[in-house]
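These notes concern the structure reproduced below.
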Amino acid sequence: MTLGITVAYLVYLVTPLVLLLIGSFGHVWSNTLLPAGMTTQWYVQLALDGSFRRAFVVSLEVVAATCAICAAIGLPLAYAVHRSAARGVQAAIRIVSLLPVAVPPLVLGFGFILVFSSDALPWLGSIWLLIAGHTVLVLPYLLHTLTSDMRLLRLEVQELAAESLGAGFWQRFIDVVVPAMRHSLLSGLIMAGALSIGEFQLSNLIAGFLSRPYPVVLLQAFYGATGFACAATVMLLALALVAAAAGAITAGATGRGTRTAGLPG
């Protein structure tokens, strides 16, 4: 029974992806289950399309900046949450940090429009506002990854040993916390990057014409040839799969590091 449900779920999940891949090489696809003919022209057109090339570059810039900001903010914030002695403080910080997950991106986007379309803050449509929005959306996922792994790695025990040897706060943070969390940080950043690459709702509301990321421009492809739309979607899917595979590899490295840290010396 369980095997049958699993197989049915995998078929349900994989079938649309396979059809997208087939459609991206199909010459004509109209009101049929499978396309007719084979061609690579859609990928050639995609590579020559200036709007898609610009959107691809914008997406990479937004992802890189978002991950850099999340790394700079996420690790110290996660450490502060982990080291907080008061349970109430920890709970309050977690609730606040998870608000972007609970609030739909559509609602967050309307809030950005109201605030940043004013004369005082005329930043609507800028790439920096887009980066800020993506940071707000993906930072909670990075925090969850880091705080969970900090508990598993028992950082307080390692810090206590370093403190007994005379290490100060900053020395413990740089020499103990950062090296111990490197795999977790990388894994969390890859997940954050994958989420940022595919984000559409918020980006569609606040991005300017020249700062539209790839998923926003992808929407217009579905008003044209089906094969072109499939090829553009396959490129986005390939980016997401690469990010997912990299995240799985680093997560495995984190798990091995956790098991090693738990062994007696």
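Under the side chain to side chain donor-acceptor pair (under 3.5 Å) criterion, Ser51 pairs with Asp49, not counting sequence neighbours. Phe209 pairs by the side-chain contact (heavy atoms from CB on, under 4.5 Å) definition with Arg54, Arg212, not counting sequence neighbours. A search for side-chain contact (heavy atoms from CB on, under 4.5 Å) contacts involving Ser148 returns His144, Arg151, not counting sequence neighbours. Every side-chain contact (heavy atoms from CB on, under 4.5 Å) that Asp175 has, sequence neighbours left out, goes to Gln171. With sequence neighbours left out, Tyr141 forms a side chain to side chain donor-acceptor pair (under 3.5 Å) with no residue at all. With sequence neighbours left out, the side-chain contact (heavy atoms from CB on, under 4.5 Å) criterion links Thr6 to Thr2, Leu10.
The two residues Pro213 and Leu130 come nearest to each other via the heavy atoms CD-CD2, 4.0 Å. Heavy-atom minimum distance, Cys70 versus Leu189: CB-CD2, 4.1 Å. Residue Ile197 comes nearest to Pro215 through the heavy atom pair O-CG, 3.0 Å, listed as atom of the first residue, atom of the second, then distance. The shortest non-hydrogen separation linking Phe52 to Val217 is CZ-O, 3.7 Å. Taking both residues in full, the closest heavy atoms of Val138 and Ala192 are given as CG1-O, 3.7 Å, listed atom of the first, atom of the second, then distance. Of all the heavy atoms in Ser24 and Tyr43, the pair that sits closest is OG-OH, 2.7 Å.
For residues 59-80, every residue pair satisfying the side-chain hydrogen bond (donor to acceptor under 3.5 Å, both in side chains) rule, not counting sequence neighbours, is listed here: Tyr79-Glu159. Within the structure, every pair that satisfies the side-chain hydrogen bond (donor to acceptor under 3.5 Å, both in side chains) test and touches residues 189-210, not counting sequence neighbours, is listed here: His134-Ser196, His134-Ser203, Glu199-Ser203.
With a 4.5 Å cut-off on side-chain heavy atoms, Val178 and Phe173 count as touching. At a threshold of 4.5 Å between non-hydrogen side-chain atoms, the residues Leu146 and Leu77 do not count as touching. Using a 4.5 Å cut-off on side-chain heavy atoms (C-beta onward), Ile131 and Thr135 make contact.
Although no hydrogens or angles enter the test, the distance criterion places no donor-acceptor pair under 3.5 Å between the side chain of Trp42 and the main chain of Gly23. With hydrogens and angles ignored, the 3.5 Å screen pairs no side-chain donor or acceptor of Ser211 with any backbone N or O of Ala207. Of the possible polar contacts, none joining the Thr15 side chain to the Tyr12 backbone as a donor-acceptor pair under 3.5 Å is found.
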Checklist entry - After noting the C-alpha distance and the side-chain angles of Thr145 and Met150, does the key distance pass the side chain to side chain contact (heavy atoms under 4.5 Å, CB included) rule? => result CA-CA 9 Å; Thr145 300; Met150 283 178 179; over 6 Å; no

Next on the checklist: Run the side chain to side chain contact (heavy atoms under 4.5 Å, CB included) test on Phe25 and Thr39 for me, step by step, so that the C-alpha distance in whole Å, both residues' side-chain angles and the decisive distance to 0.1 Å come before the verdict.
Outcome noted: CA-CA 5 Å; Phe25 291 101; Thr39 182; over 6 Å; no

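Under a 4.5 Å side-chain heavy-atom cut-off, the cluster of Ile, Leu, Val, Met, Phe, Trp and Tyr residues that includes Leu48 is completed by Val44. Taking Ile, Leu, Val, Met, Phe, Trp and Tyr as hydrophobic and joining them when side-chain heavy atoms fall under 4.5 Å apart, one finds Leu3 in a cluster with Val7, Val11.
Both Ile22 and Val14 are part of a single hydrophobic cluster, where members link through side-chain heavy atoms under 4.5 Å apart. Cluster membership for Ile127 and Val216, using ILVMFWY side-chain heavy atoms within less than 4.5 angstrom, is not shared. A chain of hydrophobic side-chain contacts below 4.5 Å, direct or via other Ile, Leu, Val, Met, Phe, Trp or Tyr residues, connects Trp123 to Val58. Val176 and Met181 are not part of a single hydrophobic cluster, where members link through side-chain heavy atoms under 4.5 Å apart. Note on Leu202 and Trp128: same hydrophobic cluster, where clusters join Ile, Leu, Val, Met, Phe, Trp and Tyr whose side-chain heavy atoms are under 4.5 Å apart, directly or indirectly.
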What donor-acceptor contacts under 3.5 angstrom involve side-chain atoms of residues 102-122, with partners at least two apart or in another chain?
residue : atom : partner : partner atom : Å
Ser117  : OG   : Ile113  : O            : 2.4
Ser118  : OG   : Val115  : O            : 3.0
Ser118  : OG   : Leu121  : N            : 3.3

Please list, one pair per line, the donor and acceptor atoms closer than 3.5 Å that link side chains of residues 219-237 to other protein atoms, with sequence neighbours excluded.
residue : atom : partner : partner atom : Å
Thr233  : OG1  : Ala229  : O            : 2.7

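Here the NE2 atom belonging to His82 is positioned 9.0 Å from the CG atom belonging to Leu153, to the nearest 0.5 angstrom. The SG atom of Cys67 sits 9.5 Å away from atom CG of Leu185, with the distance rounded to the nearest 0.5 Å. The distance from atom CG of Leu195 to atom CG of Leu142, rounded to the nearest 0.5 Å, is 10.5 Å.
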